[in-house]
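Since the structure comes first, as structure tokens, the remarks are kept for the end.
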Amino acid sequence: MLFPWSWRDMILCVQGSHPLLAEEKIRRRSLGGLTVNVSEQVMQPLPVVPFQDEAAPPPSVAPTLESKPLQARDPEEDLLCIAKTFSYLRESGWYWGSITASEAKQQLQKTPEGTFLVRDSTHPSYLFTLSVKTNRGPTNVRIEYADSKFRLDSNCLSKPRILAFPDVVSLIQHYVLSCTVESKSEAPYPAPLPPLQKEMVASAVHLKLIRPLGRKDGAPSLQHLCRLQINRSTEETEQLPLPKRMKDYLKLYPFRL
């Protein structure tokens with residue numbers, strides 16, 4: 001079934017066997033190796049048809065390739081990646097730290113659809129959570145970290161199709177720019193949908209990221225606002241006729257939002 005918009009970067013959640021924003025108990029293995037049960041409001045991902053199982057080889061055929069041992073990861077690589085992400089988030093002005101889901105909901109309740117913030121996750125297996133105002137009200141999406149990459153949390157089958165980024169700000173910026181492109185390309189008079197598609201659209205939660213919600217206890221500095229304007233104007237900041245000190249300042253936050 002076709003919709004009048006592109007689904008390339010749209011995150012769509014529909015009503016499943018459980019309530020859309022109901023409390024969901026998730027059993028995961030934490031970073032320290034402990035198994036915990038924690039409740040947090042999360043969005044039900046769009047159900048995906050499972051892959052067909054491959055046929056098993058005959059018992060008489062033995063595998064000829066030896067399995068390669070897993071390479072141990074360098075903990076310092078993860079530390080550097082996470083430290084860089086924290087540095088970017090603190091510079092952004094829309095990272096709210098360790099506020100709870102209820103506090104994030106209160107901050108987003110009266111904002112327009114598409115307003116968002118990033119906060120620390122209350123689940124021990126995750127570092128960050130994206131809180132965003134949707135067409136159904138504020139909701140939360142956990143941000144997963146694995147192999148020095150960040151991505152929006154999803155089920156195992158759809159995870160290979162979810163893009164991963166080296167830091168959280170790059171992840172958020174990608175979806176913000178994607179939503180901007182989609183909104184500009186939408187037809188001014190969309191074709192009417194069949195009744196079944198209308199029902200699906202009406203029951204779906206569309207996750208759009210449009211405008212970050214800055215912290216109220218700290219307005220952005222004039223230097224940061226100028227840096228954002230320069231980053232929005234060009235990606236070749238190294239080629240600008242600026243002193244080295246100013247170029248180094250631009251590198252501390254090479255983003256547009």
Side-chain angles (χ1 to χ4, degrees), residues 9 11 30-31 38 40-43 77-134 137-146 148-154 162-180 207-232 237 248-257:
D9 293 306
I11 303 169
S30 68
L31 298 179
V38 181
E40 181 177 347
Q41 285 187 334
V42 296
M43 297 181 63
E77 182 180 353
D78 289 325
L79 291 175
L80 292 175
C81 181
I82 294 172
K84 181 178 68 173
T85 289
F86 270 110
S87 176
Y88 286 159
L89 285 173
R90 292 191 184 99
E91 290 283 334
S92 71
W94 37 268
Y95 168 58
W96 288 65
S98 58
I99 65 173
T100 64
S102 299
E103 291 171 331
K105 179 180 179 180
Q106 183 179 4
Q107 295 294 334
L108 294 169
Q109 190 68 52
K110 297 182 180 180
T111 61
E113 180 183 356
T115 306
F116 64 88
L117 60 88
V118 172
R119 60 182 177 86
D120 295 337
S121 178
T122 57
H123 194 292
S125 295
Y126 297 84
L127 292 172
F128 306 104
T129 293
L130 170 66
S131 297
V132 57
K133 177 69 173 295
T134 70
T139 191
N140 305 287
V141 181
R142 297 186 183 119
I143 299 176
E144 181 187 82
Y145 174 78
S148 300
K149 297 289 184 180
F150 294 88
R151 70 181 76 198
L152 296 179
D153 189 29
S154 181
I162 303 297
L163 297 178
F165 300 86
D167 56 81
V168 172
V169 180
S170 296
L171 182 153
I172 300 298
Q173 179 173 269
H174 168 79
Y175 287 107
V176 170
L177 296 179
S178 298
C179 291
T180 303
L207 190 66
K208 297 189 295 185
L209 304 183
I210 299 176
R211 182 179 67 88
L213 181 63
R215 294 181 61 97
K216 296 180 180 179
D217 57 356
S221 65
L222 181 59
Q223 288 179 325
H224 182 67
L225 293 176
C226 292
R227 176 168 56 185
L228 290 177
Q229 189 59 44
I230 293 175
N231 291 339
R232 292 165 186 165
T237 56
D248 292 341
Y249 179 72
L250 294 176
K251 292 178 182 179
L252 293 177
Y253 192 79
F255 306 103
R256 303 180 183 183
L257 59 107

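The distance from atom OG1 of Thr122 to atom CZ of Arg142, rounded to the nearest 0.5 Å, is 6.5 Å. Going from atom CG of Asp153 over to atom CG of Asn140 covers 12.0 Å, rounded to the nearest 0.5 Å. The line from OG1 of Thr139 to NZ of Lys133 is 12.0 Å long, rounded to the nearest 0.5 Å. With rounding to the nearest 0.5 angstrom, the CD atom of Glu144 is 11.5 Å from the OG atom of Ser121. Here the straight-line distance linking atom NZ of Lys208 with atom OG of Ser178 works out to 13.5 Å at 0.5 Å rounding. Here the SG-CZ distance, from Cys179 to Arg211, works out to 14.5 Å after rounding to the nearest 0.5 Å.
Under a cut-off of 6.0 angstrom, the local environment of CD in Gln106 is sparse, with at most 12 non-hydrogen atoms contributed by other residues, nucleotides or ligands.
If you run side chain to side chain contact (heavy atoms under 4.5 Å, CB included) between Val132 and each of Leu209, Ile172, Leu213, only Leu209 comes through.
Taking 4.5 Å as the limit, some side-chain heavy atom of Gln109 sits within range of a side-chain heavy atom of Pro138. The shortest side-chain heavy-atom distance between Leu171 and Leu130 does not fall under the 4.5 Å cut-off. In this structure, Ser131 and Leu108 have side chains that are in contact, with non-hydrogen atoms separated by less than 4.5 Å. For the pair Val168 and Leu127, the minimum side-chain heavy-atom distance is 4.5 Å or more. Side chains of Ile143 and Leu152 form a contact here, defined as non-hydrogen atoms less than 4.5 Å apart. At a threshold of 4.5 Å between non-hydrogen side-chain atoms, the residues Thr115 and Gln107 do not count as touching. The shortest distance between side-chain heavy atoms of Leu228 and Leu257 does not fall below 4.5 Å.
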Quiz item: Could you walk me through whether Val169 and Thr85 pass the side-chain contact (heavy atoms from CB on, under 4.5 Å) check?
Solution: CA-CA 7 Å; Val169 180; Thr85 289; over 6 Å; no
Quiz item: Are Leu207 and Tyr175 close enough, and set up right, to give a side-chain contact (heavy atoms from CB on, under 4.5 Å), and what steps lead you there?
Solution: CA-CA 10 Å; Leu207 190 66; Tyr175 287 107; over 6 Å; no
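No side-chain donor-acceptor contact under 3.5 Å links Lys149 to the backbone of Ala164.
Contacts of Ser148 classified as side chain to side chain contact (heavy atoms under 4.5 Å, CB included), with partners at least two apart in sequence or in another chain: Arg73, Glu77, Asp78, Cys81, Tyr145. Partners of Ser102 according to the side chain to side chain contact (heavy atoms under 4.5 Å, CB included) rule, which considers only residues two or more places apart in sequence or in another chain, are Thr100. In this structure Leu80 satisfies the side chain to side chain contact (heavy atoms under 4.5 Å, CB included) test together with Glu76, sequence neighbours excluded.
Residue pairs meeting the salt bridge (Lys or Arg N to Asp or Glu O under 4.0 Å) criterion with at least one member in residues 89-101, sequence neighbours excluded: Glu91-Arg227. Applying the salt bridge (Lys or Arg N to Asp or Glu O under 4.0 Å) definition to pairs two or more places apart or across chains, those involving residues 248-257 are Glu235-Arg256, Glu238-Lys251, Lys244-Asp248. For residues 85-112, every residue pair satisfying the ring-ring contact (aromatic ring centres under 6.0 Å, His included) rule, not counting sequence neighbours, is listed here: Phe86-Phe128, Tyr88-Phe255, Trp94-Phe116.
Taking all atoms of both residues into account, the shortest heavy-atom contact from Tyr249 to His224 is OH-N, 3.3 Å. Across all their heavy atoms, Asp120 and Ser98 have their closest contact at OD2-N, 3.4 Å.
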